[in-house]
Amino acid sequence: MPNACPIDLLRRLAVPLLALLLGGCSTIDYYAHLGQGQWQLLHARQPVERLLADPATDADLARRLRLSQQARDFASTQLQLPENRSYRLYADLGRPFVVWNLFATPEFSLEPELHCFPIAGCVAYRGYYQQGRARGAAALLQQQGLDTYIGGVEAYSTLGWFDDPLLNTMLRWSDERFVAVIFHELAHQQYYLPGDTAFNESFATFVEREGLRQWHAARGETPPAGDDRQRQQFIELVLASRERLQQLYASGLPEQAMRAAKQAEFERLRRDYRALRQREWAGQGRYDAWIESPLNNAKLLPFGLYDQWVPAFAALFEQQGRDWHAFYAAVAALGRLPDADRRARLASLLQND
């Protein structure tokens, strides 16, 4: 365990602080759950340098850890992201996800049930370190007539409050994705605007993508072909379905008719996906499991948040002469604007892109 601060102080801070960071709640039980989960994560950390010096460390793990440290150095020296002990540590949690996020919406709305708290503002989910707890909470919400969706998360940022470790949950990714997430999560430490998820995720996604471009250029590498086109086509398909649902829910149809039309729309989404898979992807779709499992409003919530303003941030980066320090200062200035003014400025950047 790193000696960043005394263990007894961490124990006192973990419950109240992590409750604020990860998803406000009115129950002491939930606060305690968050505190215990974060404490277990902190306690599992080991310095990467120690693991790399240990001949007993698995060879593939050692290779990924060496890559992570190269990316970590690049993030601070070239992308001007925070220099701290985040991602200089590693933790094996012995499970496939670090947390499970629970999303919920009304039956006839795509507006999320929000959870608000002082540090991170309002977010559209509640996080759980145990899948069983997430499922239990989802069942209670379903009894209230809400749509719910649980998504596993491989990594998250504590926004600099703790030294975030690399996790075993991240090792399933390709090298490209592994490096990208380090850039993405450090971007959240660089700047975070409470209460504006689309702004935060679009900013971090731009830093991730431009960072990867510079990373490959510095190493004399050709970026892997990847599946960006398939991912983008899938997102566009889901967003089109979400737009039709928005129109349906605003139509004023009787409940029974609206319920039937909602299910018909989800069947249309499945048909459109299968047609796209055959037409564009030679019958091979990476989203088959997602599309064939139950669909509802809550399952559509995450789409679009990570990409909405990415072109606007790209335009802002160009306006700042591709200088990272100037760009981060401009992002912070955007964050100080009133909500309506900030959205208008981002929209104008999109038009000028």
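What you are looking at is a predicted structure, and each value in this text was computed from that prediction instead of being measured.
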With sequence neighbours excluded, residues passing salt bridge (charged side-chain N to carboxylate O under 4.0 Å, His left out) with E111:
none

Given the side-chain rings of Y273 and W281, with only the six-membered ring counted for Trp, is the space between their centroids under 6.0 Å?
yes

Mind checking what makes salt bridge (charged side-chain N to carboxylate O under 4.0 Å, His left out) contact with R274, not counting sequence neighbours?
E292

Partner set under side-chain hydrogen bond (donor to acceptor under 3.5 Å, both in side chains) for D341, not counting sequence neighbours
none

E267 and R271: CA distance, side-chain angles, deciding distance, side chain to side chain contact (heavy atoms under 4.5 Å, CB included) verdict:
CA-CA 6 Å; E267 286 307 313; R271 289 195 304 271; 3.9 Å; yes

Using side-chain hydrogen bond (donor to acceptor under 3.5 Å, both in side chains) as the criterion, list what pairs up with R219, not counting sequence neighbours.
Q70, E221

Looking at D147 and N297, would you say the former's side chain and the latter's main chain have a donor-acceptor pair under 3.5 Å?
yes

Taking ring-ring contact (aromatic ring centres under 6.0 Å, His included) as the test, write out the residues that go with Y149, two or more places apart.
none

Set of side-chain hydrogen bond (donor to acceptor under 3.5 Å, both in side chains) partners for Q278, sequence neighbours left out
none

Salt bridge (charged side-chain N to carboxylate O under 4.0 Å, His left out) filter on E83, not counting sequence neighbours, yields R88

Quick one: ring-ring contact (aromatic ring centres under 6.0 Å, His included) partners of F266, sequence neighbours excluded?
none

With sequence neighbours excluded, residues passing salt bridge (charged side-chain N to carboxylate O under 4.0 Å, His left out) with D92
none

Which residues satisfy the side-chain hydrogen bond (donor to acceptor under 3.5 Å, both in side chains) test with T205, sequence neighbours excluded?
none

Any salt bridge (Lys or Arg N to Asp or Glu O under 4.0 Å) pairs touching residues 312-333, not counting sequence neighbours?
E210-R322, E318-R322

Suppose the criterion is side chain to side chain donor-acceptor pair (under 3.5 Å): which pairs have a residue in residues 94-107, not counting sequence neighbours?
E107-R259

With respect to F313, which candidate in F206, Y328, F199 satisfies the ring-ring contact (aromatic ring centres under 6.0 Å, His included) definition?
F199

